[in-house]
Amino acid sequence: MSTPASTTTKQPSTPSEPTSAPSRKRGGSAGGTAFTVLTWALALIFFFPVFWMALTGFKNEADAYTETPRLFFAPTLTQFQNVLDEATPFAVNSLVATTASTILVVLLALPAAYALSIRPVKKTQDVLFFFISTKMLPLVAVIVPLYVIVGQIGALDNIWVMIVLYTAMNLPIAVWMMRSFLQEIPGEVLEAAEMDGAGLVKVWRHVMIPITAPGIAATALICVIFAWNEFFFAVNLTASASSTVPVYLVGFIASQGLYFAQLSAAATLASLPVVIAGWIAQKQLVRGLSMGAIK
Amino acid sequence: MTTTAQAPAARGASPAAARGAGTDNKVKRREGWNRRGPLLPALVFAIIVTQLPFLFTLYYSLQSWNLVRPGSRQFVGFANYIEVFKDSVFRGAALNTIWITGGCVLISLLIGLALALLLDRPFPGRGLARTMLITPFLVMPVAGALLWKTTMFDPTFGIVNFVLTPIGLGDTDWLSSYPLAAIIIALVWQWTPFMMLLLLAGLQSQDRSSLEAAAVDGAGPMQTFRSITLPHMRRYIELSVLLGAIYIVNTFDHIYMMTSGGPGTASANLPFYIYQRAFLGFDVGQAAAMGVVVVVGTIIVATLALRLIFTSFTEETS
């Protein structure tokens, strides 16, 4: 961050220090322009694969396989149409697993977060520790018995298994996140409501839910992202009837044919819901990804 | 640590509890259950779905059991564990896990920090640049891996070799010659935005007035960065490393999609190798024992990490 001085400081500085003032916040200098150009260059590099994915999805396969990558071509919707025809059952499964697990997570996590923040139980720290530690256990450690048990009860390739597993996967994040939101409710608000003789249901309906609605929405968003993108359980515990969108994408590595355009269209459509949701909710994303630690 | 629990406890003390204080044990106990009640469904659910299967993993790990040889199941004690420690592929996979996790966390942290610093200053189109930079993280990991394998790393038609042709590297088959590097590149692309977002939030939570005060006092940008920004950023950096490591150590999607652990087992990490043993070798006992070893390793690392995350939270909420 060595920006050249744009203003001079009155105070004489010690010889070892560079005599520069903070043009950091002001920009406009030559250094500032250089940083701006650098930032934009990096942004374009990072975004390029996404841009290329979307662009290739509009090509026909002949345009996708050229030694010199083609930027201009006659766009076609064929690939997207093909993908939509093929992938609809997978998308329905993903939608069901994502929606149902997210609703379940919120229903379980909201009361738990309440018990851990507004009216804390004894050993609150231990319980929080337990929840987060389940998130740290490697999934591979449980996949073998899950496969055996689920197989024994005849539930392989059943969407309900996915719903239960995704609920368990997202529950710790949701508990931590919602707790951080509930802790922000001023104690006086609840006390005032209780003094007025409002019962638990009333307090929830008229005080808690309205105040925490943005927090619930942010939590749900994070759960949706993780459930929609989940692959490990889906590829191991589903076969065809309840396979989700990521499993559909596996089909493209098995085939040796020329499918760049179609797989790009498929990757674009598979990513689209989460990309759009993430763009809209950038702020909530930070809080969710840090499990509520960063506001 | 206790301050977090006590602060809300004090404000949460309900009128009912205050009235019955010291007079009626029953009221107290009911109050206790009123508090515990809302917690129980989530707690019970988490225990059943996450802890119970692990007990089975422990149990299976003491058995010789291959799914393709019915009737072969028998108790063998710690034989599976001895096999695991003698297995050079397992050690290779453990090493790959360390390389992938360490390399990816470190590189994406450094690039993420640079990007966060660059974004923490006003310039034209800042919102758009930020949106573009977070997008790789939002792309479905399986889709991202598929893209890197095909449209990016393809030896003939991929963008990477097209870009590298002018400097004479245009014929490299990345996925067979440098599978680990290729996987790390794809992962860094996916995880740098995550690091950037967390670190940017940290930068923006800095006390602006102390930065300005430092400037007025004649501190240069480097000096301000070292003595004010970096200490402030410490817990954000720690948190980013910890959370990034939790997710990246479990990497499965990229290896499955890009290299299938190959060539041979050159790029298999532990999750992928255990998956292979369980679902391609059908060796339940071995896979379970490996799972247990991985969990023990994770617990050791995670205990240190958890202490850290708790310090962060206590500082945040107190």
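Just so you know, these numbers come straight off a predicted model, no measurement behind them. Keep in mind that the numbers below use all heavy atoms, side chains included, and drop hydrogens, waters and symmetry copies. A, B, ... follow the sequence lines: proteins, then strands. Residue 1 opens every chain.
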Would you compute the distance between atom CZ of A/Arg287 and atom CG of B/Leu197 and round it to the nearest 0.5 angstrom?
15.0 Å

Would you confirm whether B/Arg121, through its side chain, and A/Gly32, through its main-chain N or O, come within 3.5 Å as a donor-acceptor pair?
yes

Quick one: of A/Ala113, A/Pro138, A/Gly278, who has the most non-hydrogen atom pairs under 4.5 Å with chain B?
A/Pro138

Chain A contacts, top residue of B/Thr156, B/Leu119, B/Leu133 (heavy-atom pairs, under 4.5 Å):
B/Leu133

Report yes if the side chains of A/Pro145 and B/Tyr60 come closer than 4.5 Å at any heavy-atom pair, otherwise no.
yes

Looking at B/Val49, B/Leu147, B/Leu115, B/Ile246, which makes the most heavy-atom pairs under 4.5 Å with chain A?
B/Leu147

For the aromatic rings, using the six-membered ring if either is Trp, is the centroid distance between B/Phe279 and A/Tyr147 under 6.0 Å?
yes

Pick from B/Arg130, B/Met258, B/Arg126, B/Arg277: which one has the most heavy-atom pairs with chain A under 4.5 Å?
B/Arg130

For A/Trp40 and B/Gly125, which heavy atoms make the closest approach, and how far apart are they?
CZ2-O, 3.2 Å

What distance do A/Ser271 atom OG and B/Leu138 atom CG have between them, rounded to the nearest 0.5 Å?
9.0 Å

I'd like to know which of B/Val294, B/Thr50, B/Val284, B/Thr135 tops the heavy-atom pair count under 4.5 Å against chain A.
B/Thr135

Are the side chains of A/Val140 and B/Leu270 in contact, using a 4.5 Å heavy-atom criterion?
no

Looking only at heavy atoms, the pair that brings B/Ala46 and A/Phe131 closest together is CB-CE2, 3.8 Å

B/Trp148 side, atom CH2; A/Met53 side, atom CE - distance, nearest 0.5 Å
12.5 Å

Is B/Val292 close to chain A through its backbone or its side chain, or both, or neither, when contacts mean heavy atoms under 4.5 Å?
neither

Which members of residues 51-58 of chain B, sorted by number, sit under 4.5 angstrom from chain A on a heavy-atom basis?
B/Gln51, B/Pro53, B/Phe54, B/Phe56, B/Thr57

For B/Asp154, which atoms come within 4.5 Å of any heavy atom of chain A: side chain, backbone, both, or neither?
side chain

Does any non-hydrogen side-chain atom of A/Leu289 lie less than 4.5 Å from one of B/Leu243?
no

Side chain, backbone, both or neither: which part of B/Ile111 has a heavy atom under 4.5 Å from chain A?
side chain

Pairs of heavy atoms under 4.5 Å with chain B: top-ranked of A/Phe130, A/Tyr114, A/Phe46
A/Phe46

Heavy atoms of other groups near B/Arg226 CZ, more than 12 under 6.0 Å:
no

Which residue out of A/Leu104, A/Val148, A/Leu44 racks up the most heavy-atom pairs below 4.5 Å with chain B?
A/Val148

Beyond-backbone contact of A/Phe260 with B/Phe157, side-chain heavy atoms, under 4.5 angstrom:
yes

Which heavy atom in A/Pro246 sits nearest to a heavy atom in B/Val142, and how many Å separate them?
O-CG1, 3.7 Å

How long is the gap from CG on A/Leu42 to CG on B/Leu118, to the nearest 0.5 Å?
6.5 Å

With respect to chain B, which residue among A/Ile149, A/Leu139, A/Thr268 yields the maximal number of heavy-atom pairs within a distance under 4.5 Å?
A/Ile149

A/Thr68, A/Val175, A/Ile45: which one forms the most heavy-atom pairs within less than 4.5 Å of chain B?
A/Thr68

For B/Phe137, which atoms come within 4.5 Å of any heavy atom of chain A: side chain, backbone, both, or neither?
side chain

Please examine the side chains of A/Thr39 and B/Phe123, heavy atoms only from C-beta on, and report whether any two atoms are closer than 4.5 Å.
yes

For the residue pair B/Ile159 and A/Phe48, establish whether any side-chain heavy-atom pair is separated by less than 4.5 Å.
yes

Quick check on A/Thr66 against chain B: is it the side chain, the backbone, both or neither that has a heavy atom closer than 4.5 Å?
backbone

Do you know which two heavy atoms are closest between A/Ala141 and B/Val295, and how far apart they sit?
CB-CG2, 3.2 Å

Side chain from CB out, backbone as N, CA, C, O: work out which of these in B/Met152 comes under 4.5 Å of a heavy atom of chain A, or both, or neither.
side chain

Spatial distance of atom OH (B/Tyr275) from atom CG (A/Asn236) [nearest 0.5 Å]:
6.0 Å

If one checks every heavy atom of A/Phe232 against chain B at 4.5 Å, the contacting part turns out to be both

Option in B/Arg36, B/Met257, B/Lys149 with maximal non-hydrogen atom pairs under 4.5 Å from chain A
B/Met257

Can you tell which of B/Ala287, B/Pro124, B/Ser205, B/Ala201 has the highest number of heavy-atom pairs within less than 4.5 Å of chain A?
B/Pro124

Give, as side chain, backbone, both or neither, the part of A/Val105 having an atom under 4.5 angstrom from any heavy atom of chain B.
neither

Taking every non-hydrogen pair under 4.5 Å, which of A/Ile276, A/Leu107, A/Val274, A/Leu272 racks up the most with chain B?
A/Val274

Taking side chain as everything from C-beta outward and backbone as N, CA, C, O, which of these in A/Leu171 sits under 4.5 Å from a heavy atom of chain B? Side chain, backbone, both or neither.
side chain

With heavy-atom distances below 4.5 Å as the criterion, would you say the side chains of B/Phe45 and A/Val164 are in contact?
yes

For residues A/Phe226 and B/Tyr247, establish whether the separation of their ring centroids is below 6.0 Å.
yes

Quick one: what part of B/Ile274 sits under 4.5 Å from any heavy atom of chain A, side chain, backbone, both or neither?
side chain

Closest non-hydrogen atoms of B/Met140 and A/Leu249, given as atom of the first, atom of the second and distance, are SD-CD1, 3.9 Å

Quick check against the 3.5 Å criterion: does A/Trp52 have a side-chain atom that pairs as donor or acceptor with the backbone of B/Thr151?
no

Side chain, backbone, both or neither: which part of B/Thr150 has a non-hydrogen atom closer than 4.5 Å to chain A?
both

If I measure from the heavy atoms of chain B, does A/Leu285 come under 4.5 Å with its side chain, its backbone, both, or neither?
side chain

Checking B/Ile47 against chain A: side chain, backbone, both or neither under 4.5 Å from a heavy atom?
both

If I measure from the heavy atoms of chain B, does A/Val127 come under 4.5 Å with its side chain, its backbone, both, or neither?
side chain

Counting only heavy atoms closer than 4.5 Å, note whether B/Asn250 contacts chain A via side chain, backbone, both or neither.
side chain

Interatomic distance, B/Leu43 atom CG to A/Leu116 atom CG [nearest 0.5 angstrom]:
9.0 Å

Looking at every heavy atom in both B/Leu198 and A/Val286, which two are closest together, and how far apart are they?
CD1-O, 4.3 Å

Heavy-atom distance under 4.5 Å to chain B: side chain of A/Phe51, backbone, both or neither?
neither

